[in-house]
Trainee: 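Sharing a structure below in structure tokens format, with a few things to ask.
Given the structure is predicted, the values throughout are model-derived calculations rather than measurements. Hydrogens, waters and symmetry mates play no part in the numbers below; they use all other heavy atoms, side chains included. First the proteins, then the strands, lettered A, B, ... as listed; each starts at 1.
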Number of protein chains: 2
Amino acid sequence: MAAKATRQQIVDAADELFYARGFAATSFADIAAAVSISRGNFYYHFKTKDEILDAVIEKRLADRERLLAGWDETAPDPARRIECFVRIVIANQTKIMAHGCPVGTLVTELTKLGHASTDNANRIMTLFRDWLTRQFEDLGCGTAARENALHVLSWSQGVATVAQAFGDEAFVRREVERILQWLESVRQQATGNP
Amino acid sequence: MAAKATRQQIVDAADELFYARGFAATSFADIAAAVSISRGNFYYHFKTKDEILDAVIEKRLADRERLLAGWDETAPDPARRIECFVRIVIANQTKIMAHGCPVGTLVTELTKLGHASTDNANRIMTLFRDWLTRQFEDLGCGTAARENALHVLSWSQGVATVAQAFGDEAFVRREVERILQWLESVRQQATGNP
DNA sequence: GACTGATTAGGATGATTGTCCTAGAAAGAC
DNA sequence: GTCTTTCTAGGACAATCATCCTAATCAGTC
């Protein structure tokens with residue numbers, strides 16, 4: 001139980017540090033210091049840095065799956081669910097302006113490093129893409145569902161990058177309004193409902 | 001002259017390596033090997049790694065300024081100039097799918113590193129933003145010019161990130177068509193011309 | 001209370017890093 | 001041809017890193 005707690009603490013700390021500083025720039029010592037344990041103890045739980053990375057990816061994946069499943073249950077229709085997705089850039093605005101998108105920046109970094117876990121990290125991107133595709137299908141978009149899903153995903157990545165660069169809150173709000181307006185027009189065209 | 005050539009070679013090699021692997025993951029030895037010079041010779045031209053980074057940023061900035069100035073001269077109207085900007089994601093598609101946007105990924109990395117040259121790198125982002133703003137102003141968008149500029153910039157960053165993640169060429173083409181359609185509607189509304 | 005396995009601490013190791021130094025080669029001035 | 005400046009080479013340095021190892025401590029069982 002103490003072990004479980006320690007392991008969980010390590011993954012949580014690594015998750016935040018990888019997000020804030022990047023994977024490569026975060027050292028064993030950094031994570032150990034954040035959890036207040038020794039490097040030796042560290043090695044007992046994770047034999048390599050790549051193992052921690054994979055654990056962090058699994059955690060992030062599980063977190064996002066839970067988030068999406070929650071929206072599937074609570075939001076009444078696909079359009080509202082997509083809106084939930086869109087609004088996370090406002091909910092997480094402060095963190096995004098400081099460190100960008102947790103998913104996009106990790107994939108970018110691992111790709112550049114030629115890291116073996118790149119595909120693994122990409123599973124989170126794929127999760128978002130497929131979930132969004134399902135929502136647009138439910139909305140009645142048919143074959144355009146996947147295209148629209150990638151459009152929303154791409155939109156979120158762009159907003160995160162520019163928000164990080166300029167730290168412009170008003171920009172984020174305007175972009176959310178803009179994409180929601182687009183979403184509404186897609187919904188009307190797909191359903192025929194006003 | 002030999003010195004100038006060597007220095008230029010170093011900057012060019014660093015530019016490519018920083019793009020392909022990232023700034024932190026590129027070592028002195030990597031750049032030296034790419035140019036086939038010794039680390040000692042290296043130090044003669046650049047005293048610190050940060051100096052190389054700043055030189056690379058200056059080069060990228062100058063390259064982009066030249067690119068934009070070229071469009072200012074060759075393209076007949078602001079809408080066509082913005083279209084030139086949009087189409088670079090197709091022209092550079094292969095590199096973007098491999099390493100993302102050279103500007104966006106650098107800013108993201110330096111921000112995470114808390115690097116002193118973050119603001120410096122952001123000057124390239126700002127260059128794009130201000131140039132795009134000028135184009136939308138010339139188009140007659142008035143106060144919406146800056147908002148539209150950020151929209152296009154954000155669009156390009158999102159496309160680059162998703163293209164890098166999924167390696168989907170068709171997605172890039174569709175997104176270009178989409179934004180050009182939007183651009184056309186903005187132009188019509190701003191100018192009143194068909 | 002002794003025993004066993006899980007957990008922790010902290011130092012050792014070898015590789016890599018950015019930085020620095022010194023000596024020699026090249027090149028141009030006089 | 002000598003001299004001075006510019007350039008190049010290659011090794012030395014301390015710091016940092018991921019990784020590994022060994023010994024101590026803890027918790028639960030008999």
Side-chain angles (χ1 to χ4, degrees), chain A residues 1-58 106 109-110 112-118 120-121, chain B residues 1-58 106 109-110 112-118 120-121:
Chain A
M1 22 234 91
K4 262 293 188 298
T6 303
R7 200 194 133 94
Q8 196 58 46
Q9 273 185 306
I10 291 173
V11 174
D12 290 347
D15 187 11
E16 281 189 26
L17 285 169
F18 287 174
Y19 179 34
R21 305 185 194 175
F23 167 68
T26 302
S27 71
F28 270 62
D30 291 334
I31 306 173
V35 191
S36 297
I37 62 172
S38 66
R39 289 193 319 287
N41 186 3
F42 208 108
Y43 184 71
Y44 174 77
H45 294 282
F46 294 98
K47 272 175 257 305
T48 67
K49 198 181 174 184
D50 292 351
E51 268 186 32
I52 309 173
L53 174 61
D54 285 335
V56 167
I57 292 175
E58 289 309 318
L106 181 66
E109 182 183 6
L110 294 183
K112 293 213 181 203
L113 292 176
H115 197 284
S117 293
T118 305
N120 205 9
Chain B
M1 22 230 90
K4 261 292 188 298
T6 303
R7 199 194 134 94
Q8 196 58 46
Q9 272 186 306
I10 291 174
V11 174
D12 290 347
D15 187 12
E16 281 189 27
L17 285 169
F18 287 174
Y19 179 34
R21 305 185 194 174
F23 167 68
T26 302
S27 70
F28 270 63
D30 291 334
I31 307 174
V35 191
S36 298
I37 61 171
S38 67
R39 289 196 317 285
N41 186 5
F42 207 108
Y43 184 71
Y44 175 77
H45 294 281
F46 294 97
K47 272 175 257 305
T48 68
K49 199 182 176 185
D50 292 352
E51 268 187 33
I52 310 173
L53 174 60
D54 285 336
V56 167
I57 292 175
E58 289 309 319
L106 181 66
E109 182 183 5
L110 295 183
K112 293 213 180 205
L113 292 176
H115 197 285
S117 294
T118 305
N120 204 9

Trainee: Sequence neighbours left out, what passes side chain to side chain contact (heavy atoms under 4.5 Å, CB included) with A:Asn120? Give chain and number order.
Mentor: A:Asp54, A:Ile57, A:Glu58, A:Ser117, A:Arg123

Trainee: Let me know the distance between CZ of A:Phe28 and P of D:dT16, rounded to the nearest Å.
Mentor: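 Taking atom P of D:dT16 as the reference, CZ of A:Phe28 is at 17 Å.
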
Trainee: How long is the line joining CD1 of B:Ile10 and P of C:dG18, in whole Å?
Mentor: 14 Å

Trainee: Give a yes/no answer on whether the side chain of B:His45 brings an N or O atom under 4.0 Å of OP1 or OP2 in D:dT6.
Mentor: no

Trainee: Distance from B:Thr48 atom OG1 to B:Leu53 atom CG, nearest 0.5 Å?
Mentor: 9.0 Å

Trainee: Rounded to the nearest angstrom, tell me the gap between atom CG in A:Asp50 and atom P in D:dC17.
Mentor: 17 Å

Trainee: Provide, to the nearest angstrom, the distance between the NE2 atom belonging to B:His115 and the P atom belonging to C:dG18.
Mentor: 11 Å

Trainee: In Å, rounded to the nearest 0.5 Å, how long is the span from CD1 of A:Ile31 to CG of A:Asp15?
Mentor: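 So the gap between those two atoms works out to 10.5 Å.
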
Trainee: Counting only heavy atoms and a strict 4.0 angstrom limit, can you tell me which residues of residues 19-27 of chain B come near DNA chain C?
Mentor: B:Thr26, B:Ser27

Trainee: If the cut-off is 4.0 Å, is A:Thr6 near the phosphate of C:dT8, judged by side-chain N/O to OP1 or OP2?
Mentor: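 For C:dT8, OP1/OP2 do have a side-chain N/O of A:Thr6 under 4.0 Å.
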
Trainee: Could you check which residues of residues 32-43 of chain A get a heavy atom under 4.0 Å from DNA chain D? Sort them by number, please.
Mentor: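 Result for residues 32-43 of chain A: A:Arg39, A:Tyr43, sorted by number.
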
Trainee: Look at the side chain of A:Lys49 and decide which nucleotide, out of D:dA18, C:dG18, C:dT8, has an atom nearest to it.
Mentor: D:dA18

Trainee: Round to the nearest Å and state the distance from A:Ile52 atom CD1 to D:dA18 atom P.
Mentor: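 The answer, rounded to whole Å, is 8 Å.
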
Trainee: Which salt bridge (charged side-chain N to carboxylate O under 4.0 Å, His left out) pairs, counting each pair once, include a residue from residues 30-48 of chain B, with sequence neighbours left out?
Mentor: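 For residues 30-48 of chain B: B:Arg21-B:Asp30.
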
Trainee: How long is the line joining OH of B:Tyr44 and P of C:dA27, in whole Å?
Mentor: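 About 14 Å, once rounded to whole Å.
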
Trainee: Residues in ring pair (Phe, Tyr, Trp, His ring centres under 6.0 Å) with B:Phe23, at least two apart?
Mentor: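 B:Phe23 satisfies ring pair (Phe, Tyr, Trp, His ring centres under 6.0 Å) with B:Phe18, B:His115 once adjacent residues are dropped.
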
Trainee: Report the distance from atom CD of A:Glu109 to atom CG of A:Leu106, rounding to the nearest 0.5 Å.
Mentor: 6.5 Å

Trainee: For the atom pair CZ (B:Arg7) and CD1 (B:Ile10), what is the distance rounded to the nearest 0.5 Å?
Mentor: 8.0 Å

Trainee: For a 4.5 angstrom cut-off between non-hydrogen side-chain atoms, does A:Phe46 reach A:Val11?
Mentor: yes

Trainee: By side chain to side chain contact (heavy atoms under 4.5 Å, CB included), which residues pair with A:Asn41, not counting sequence neighbours?
Mentor: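 If we apply the side chain to side chain contact (heavy atoms under 4.5 Å, CB included) test to A:Asn41, skipping adjacent residues, the hits are A:Thr6, A:Ile37, A:Ser38, A:Tyr44, A:His45.
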
